Amino acid sequence: MAFAVIIIILLAVLALIGTIYAAKDTEVSYTKNTKGNISRLTSIYAVVIILSILVIGAYIFIK
């Protein structure tokens, strides 16, 4: 069970890093247009990671 939790958290963090890395484009207009999108995606990832940790903690506590 602990191994699965670690894998899930690792995948979520890697997805976040990949999103931020993909947004680093050298084209100026691309960066201007996507700045808001990256902020929203980062916020979504943060919320999902926090909720996932809480749900896994609740599952472990109940079980």
Side-chain angles (χ1 to χ4, degrees):
M1 178 69 176
F3 180 72
V5 171
I6 292 171
I7 293 296
I8 291 169
I9 292 171
L10 181 63
L11 285 174
V13 170
L14 288 174
L16 174 63
I17 292 170
T19 301
I20 293 171
Y21 181 74
K24 292 189 177 192
D25 194 301
T26 57
E27 188 178 330
V28 175
S29 64
Y30 177 80
T31 304
K32 284 183 179 180
N33 294 334
T34 59
K35 185 177 181 181
N37 290 340
I38 297 304
S39 298
R40 285 187 291 277
L41 278 173
T42 303
S43 300
I44 290 169
Y45 278 122
V47 169
V48 168
I49 289 170
I50 291 169
L51 289 176
S52 298
I53 291 170
L54 290 174
V55 168
I56 291 170
Y59 175 78
I60 293 170
F61 180 74
I62 291 172
K63 192 164 183 164

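Model, not experiment: these values are computed from the prediction. When a residue number appears, it is its place in the shown sequence, counting from 1.
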Asker: Out of curiosity, does Val48 fall in the hydrophobic cluster containing Leu41 (side-chain heavy atoms, cut-off under 4.5 Å, transitive links)?
Answerer: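 No; tracing contacts between hydrophobic side chains, which count when under 4.5 Å, never links both residues.
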Asker: Please lay out, stage by stage, how Ile49 and Ile9 fare under the test side chain to side chain contact (heavy atoms under 4.5 Å, CB included).
Answerer: CA-CA 7 Å; Ile49 289 170; Ile9 292 171; 5.5 Å; no
Asker: Linking Ile, Leu, Val, Met, Phe, Trp and Tyr through side-chain heavy atoms less than 4.5 Å apart, which residues share a cluster with Phe61?
Answerer: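 Phe61 clusters with nothing; isolated.
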Asker: Quick check for you: to the nearest 0.5 Å, what is the distance between Ile8 atom CD1 and Leu11 atom CG?
Answerer: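 If I round to the nearest 0.5 Å, the distance is 8.0 Å.
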Asker: Does one hydrophobic cluster hold both Val5 and Val13, with members joined at side-chain heavy-atom distances below 4.5 Å?
Answerer: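 Linked within one cluster.
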Asker: Determine whether Ile44 and Ile53 fall in the same hydrophobic cluster, where Ile, Leu, Val, Met, Phe, Trp and Tyr are linked whenever their side-chain heavy atoms lie under 4.5 Å apart.
Answerer: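 Ile44 does not cluster with Ile53.
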